[in-house]
Amino acid sequence: METRPHRRTGEAQPITMVYDMPSVLPPGTTPVSRLYYEDWNIKVVDREKTGCDNYLTPNRRDFYKIMFMTSGTGVKTMGKDNYYIDERTILFLHPNEIVCWRNASPKAGGGIFCMFKKRYLDQHPSLKLIIDRYKFFTEKKILRLSDQSAQMIHSLLTQMKAEAASGGELAEEAMQAYVQLILIESLKGTDYAPVGEITNDYRHVYNFFELLEKETNLANLNNPIRMRTARDYAETLNLNPNYLNGLVKKHTGQTISTLIKNRLLEESKALLVQTDWTLQAISQIIGFADQPNFSQFFKKYVGLTPNEFRRSPISPDYEG
C-alpha cells in the first residue's frame, strides 16, 4: 500500500455540493440533508451504501466521523492539506473540518463509517479522554494501517454494526467500548499519511469556506449574520470580488452568491427545526431586515414557507 501526496494536474473538476444533492422526496417536501437533525448518538454504516459524491462544504455537523477504507482510492483535502488515500487507511474527521473528496478509482470503494455525536463524548468521558490524550481528530487525522491492524479494525467495526443492529439500551454502551479499541488499534504499527500542499488558488477557496462557516455557524440572537454578499467576503479576505468568485466557481462550479444563499437556507432550516424562536427573530439572525422578506426568500428556494417547513417531517437523505 502507498499513501502519497497529491498534485493537481489539468483543469479542476466541479465539486458537487452536499446540500445541492437532489431530493428523493416529491417536490414541496424538501428534506434537510444533514444528519444533525436526526435523534441518534452513534451509528455504523457501509461506505458503499452511503458514500457521497465529491464535495466541498463547510460541513456543519455535530458528529465525529471515523472513515475506514478497505478498497478504492481518492484524494482527500482536509483544511489546507491534500492526502492521497487508498485501502487500509483510517480517517478521523472533526465536526468542524472543511473537506473535499475526489474519487480516483472508477468505483466508490469499500469501507465502514462510524459516526458519533458531540454529546456522545460527554456521556462517555473515558472515550473523550483517549481522543484528547492522543489527539485524534486534531493532530491524528489520517493514518495508514498495517495489515494486522486493518484486519483487526475491520473486525471491530463489523462487530459494532452487529451491536447496533441488535439495539437495546446497552448497545450504545458497548459501541463506545469498540470505538476505544479501534482508536488504540489504529496507533499500533501506523504512520502518518504524507501531506501534499494545496495550491494558492485552493487556499483562497478554503479561506472563503472557512469564513462562510464562521459567519453562519456562530449566528444567534446576539450575533446575527452580517456578511451576505461576495463583496463582503472578498473585502474581508483582501481579494478582488471578481477574482475570488472566479476561483470559487472554478473549484465548485457555483458562484459565491449561490453558495451563500445555500448556506443561509441551511442555517434557516436548522433554526426552524432546532429552536422555538419566532420567525421575526430567525429573520434577523439570518440577516433580513423583516420577516416577510425572509419568508419570501425561504419559500422561493425551498418550496415551503418557514412555518410549513417547521411543521413538516424531516427526512435527511445524506449519510455523512
Side-chain angles (χ1 to χ4, degrees), residues 16-43 45 50 52 55 57-65 95-96 98 115-120 122-123 209 211-229 232 254-320:
T16 303
M17 305 302 293
V18 170
Y19 38 68
D20 285 336
M21 293 175 67
S23 170
V24 297
L25 299 179
T29 54
T30 304
V32 178
S33 298
R34 286 291 188 274
L35 281 180
Y36 60 75
Y37 291 96
E38 291 187 292
D39 185 19
W40 58 274
N41 287 320
I42 183 170
K43 62 167 58 180
V45 295
T50 61
C52 66
Y55 63 92
T57 169
N59 276 321
R60 185 180 184 275
R61 304 177 288 187
D62 70 344
F63 61 89
Y64 294 80
K65 180 176 179 181
N96 297 332
I98 297 177
M115 297 171 286
F116 50 90
K117 297 289 190 82
K118 290 180 179 179
R119 61 173 177 258
Y120 190 68
D122 296 331
Q123 297 168 3
F209 275 100
L211 185 59
L212 175 63
E213 178 62 10
K214 180 180 179 181
E215 177 71 7
T216 54
N217 192 28
L218 299 178
N220 55 52
L221 292 168
N222 298 317
N223 185 40
I225 293 172
R226 293 181 172 84
M227 292 193 292
R228 292 168 43 86
T229 68
D232 291 336
Q254 300 185 63
T255 64
I256 290 179
S257 60
T258 297
L259 297 172
I260 294 173
K261 174 203 73 179
N262 289 337
R263 192 64 185 85
L264 293 178
L265 288 171
E266 284 296 309
E267 194 63 24
S268 300
K269 293 173 183 178
L271 294 175
L272 287 167
V273 172
Q274 297 180 345
T275 75
D276 57 1
W277 295 340
T278 65
L279 294 188
Q280 179 62 35
I282 293 176
S283 301
Q284 293 175 355
I285 292 170
I286 298 301
F288 286 84
D290 55 66
Q291 184 259 314
N293 283 336
F294 167 69
S295 295
Q296 183 179 17
F297 164 78
F298 193 89
K299 175 69 179 293
K300 178 179 179 180
Y301 294 108
V302 177
L304 299 170
T305 67
N307 275 328
E308 288 172 341
F309 180 84
R310 185 170 246 171
R311 295 192 297 265
S312 66
I314 304 300
S315 302
D317 61 359
Y318 172 58
E319 287 289 348

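Only heavy atoms go into these numbers, but all of them, side chains included; no hydrogens, no water, no symmetry mates.
Nearest heavy atom pair, residue W40 against residue K117, reads O-CG, 3.1 Å. Q123 and N41 make their closest contact through OE1-ND2, 4.0 Å (heavy atoms, listed as atom of the first residue, atom of the second, distance). Nearest heavy-atom pair, I225 versus I286, reported as atom, atom and distance to 0.1 Å: CB-O, 3.8 Å. Taking every heavy atom of both residues into account, Q291 and S283 meet most closely at CA-OG, 3.3 Å.
Of the possible donor and acceptor atoms, none in the side chain of S295 sits under 3.5 Å from a partner among the backbone N and O of P292. The backbone N or O of T229 lies less than 3.5 Å from a partner atom in the side chain of D232, making a donor-acceptor pair.
How far CG of L212 is from CG of N262: 10.0 Å, rounded to the nearest 0.5 Å. Here the CZ atom belonging to R263 is positioned 10.5 Å from the CZ atom belonging to F209, to the nearest 0.5 angstrom. Taking CG from D290 and CD from Q284, the interatomic distance works out to 9.5 Å, rounded to the nearest 0.5 Å. To the nearest 0.5 Å, the span separating CD1 on I42 from CE on M115 amounts to 10.0 Å. Taking CG of L304 as the start and CG of L272 as the end, the distance is 10.5 Å to the nearest 0.5 Å. Separation of atoms CZ (F298) and CG (L265) is listed at 6.5 Å; rounding is to 0.5 Å.
Under the 4.0 Å criterion applied to side-chain N and carboxylate O atoms, E215 and R228 are not assigned as salt-bridge partners.
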Problem set entry | Verdict with reasoning, I260 to M227, per side chain to side chain contact (heavy atoms under 4.5 Å, CB included) | CA-CA 9 Å; I260 294 173; M227 292 193 292; over 6 Å; no

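S268 is listed as a side-chain neighbour of F294, based on a closest heavy-atom distance under 4.5 Å. Annotation: side chain of T216 is in contact with side chain of E213 (closest heavy-atom distance under 4.5 Å). Considering only heavy atoms from C-beta on, T275 comes within 4.5 Å of R310 through its side chain. Residues Y64 and Y120 have side chains not in contact (no heavy-atom distance under 4.5 Å, counting atoms from C-beta outward).
Using bins of under 30°, 30° to 60° and over 60° for the plane-to-plane angle, the ring pair F297/F288 lands in the tilted bin.
Within 6.0 Å of atom CD in Q296, 12 or fewer heavy atoms from other residues, nucleotides or ligands are found, so the atom counts as exposed in its surroundings.
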